[in-house]
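Every heavy atom of this structure was used, including side-chain atoms; hydrogens, water molecules and symmetry mates were not. Both counts, for ligands and for their atoms, begin at 1 and track the order of listing.
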Amino acid sequence: MEDQCIRWMARLIGYPDNHAGNLTSGGSIATFGALTAARDHHNITPENVRNKAIYLTQQTHHCIHKALRIAALDYAHLRIVPMNDAYEMDVFSLQSMLDRDKNDGLMPFLIVGSAGSTDLGIIDPLVKMGQLANAYGCWFHVDGAYGGLFMMVEQFKSRLAGISLSDSVVLDPHKSLFLSYGSGAVLIKNRAAALKTNYYRANYMQDAEGDHAILNPADVSPELTKHFRGLRMWLSLQYFGIAPFRAALEEKILLTKYFYQEVSSLGFEVGPQPTLSVCVFRWKTGDVEKDNLYNHELIEKILKSGKIFISSTTLDNIYWLRICVMVFRTHKEHIDRFLSLLKKIRNDR
Ligand SMILES: *Cc1c(COP(=O)(O)O)cnc(C)c1O
């Protein structure tokens, strides 16, 4: 069952059959699996790590930094590549940083792209990044924990196609497949890389060896005895088929677009046009400090209503309110209820 789920995801993102995959408890541990494979495939050791360079943006999820730290890769040079106005990695800056580092005698090793950042849901220019990774001999990792499974939706197929150029990708079925928590996944294009990090044999397990047609999960992940995570994913896909999941993703995209339009017509400032199902907005008067405080109070009022759960984030020292429409039970009536609450709050000002 797990193998079928992994193969289905690998085909969805355009990986060849020689991949390795593992169902994990979530995106963070999946990221750790990807980056340790990258490390060992590139033969990074305590002796040479200080000569390596890693490229990511300020929008990269913190689980990447955490995994780099745990894998002792944070001794490498960490390059924060500038972003364009849409908060996507600027590939011209990436290329000039790669060139500069090479000229300085460093070895570019890893490029990290986001397929749906957490703050804003933006998608980095994955194709161009993949081409640069290839040209400079880097491992290309894509964090698709939130956005990768939007590949199921026709309108995002070409936008996310660059994922197929990656060496590893993280997906979270407990996000964009609406499954219960504890459903993450890592896919590694080159099976040998995953085996290099994780394949061990033990004398006491000699009877378990044999000519298995499918990969043992213990050979491609840090776990040995593990939870049976495949069932909830396999059963959901078998029972419902793909269509309702695709329809739900399409609905969430439309709801976010609708919210973006309506909240701006209520007089709120909105951030970048939503790419996926995240939208940030805030009440703006012009005084940054006062506005930050006011929006912070605003979210407390919203949460106190007990009817709506939203979050917030900070971009360039500006406090933003943030919706992420990612629960299968969220429909237009809920967005409308939230908009009425925002209208009331605005009128009471
Ligand atoms: C949620 C998220 C993660 C972390 O995934 P967990 O399943 O919470 O560990 C990593 N990257 C992105 C972009 C995410 O949205």
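For Phe328 and Phe245, the distance between ring centers is not under 6.0 angstrom.
For atom 5 (O) of ligand 1, the closest heavy atom belonging to the protein is Asp172 OD2, 3.2 Å. The shortest contact between atom 6 (P) of ligand 1 and any protein heavy atom is with Gly27 N, 3.3 Å. Distance from atom 11 (N) of ligand 1 to its nearest protein heavy atom, with residue and atom name: Asp143 OD2, 2.6 Å. If you check which protein heavy atom lies closest to atom 13 (C) of ligand 1, you get Thr118 OG1, 3.2 Å.
Between His174 and ligand 1, an N or O atom pair is found at a separation short of 3.5 Å.
When the heavy atoms of Lys66, His61, Gln59, Lys175 are ranked by distance to atom 15 (O) of ligand 1, first place goes to Lys175.
For the pair Arg329 and Phe178, the NZ or CZ position fails the cation-pi test of under 6.0 Å to the six-membered ring centre and within 45 degrees of the ring normal.
Contact annotation: for Ala145 versus ligand 1, heavy atoms closer than 4.0 Å belong to the side chain alone.
No donor-acceptor pair closer than 3.5 Å links the side chain of Lys175 to the backbone N or O of Leu149.
Contact between Cys63 and ligand 1 is present, with at least one heavy atom of the residue lying under 4.0 Å from the ligand. Proximity of Gly116 to ligand 1 is established by a heavy-atom distance of less than 4.0 Å.
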| task | Decide yes or no on side chain to side chain contact (heavy atoms under 4.5 Å, CB included) for Phe109 and Ile44, but give the supporting numbers first. | result | CA-CA 9 Å; Phe109 142 61; Ile44 294 184; 3.4 Å; yes
| Step by step, would you call Asn317 with Val288 a side chain to side chain contact (heavy atoms under 4.5 Å, CB included)? | CA-CA 9 Å; Asn317 299 319; Val288 175; 5.8 Å; no
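Taking the six-membered ring where the residue is Trp, Phe281 and Phe268 present perpendicular rings, their angle passing 60° and hence far from 30°. Classification of the Tyr146-Phe150 ring pair by plane angle, with boundaries at 30° and 60°, yields perpendicular.
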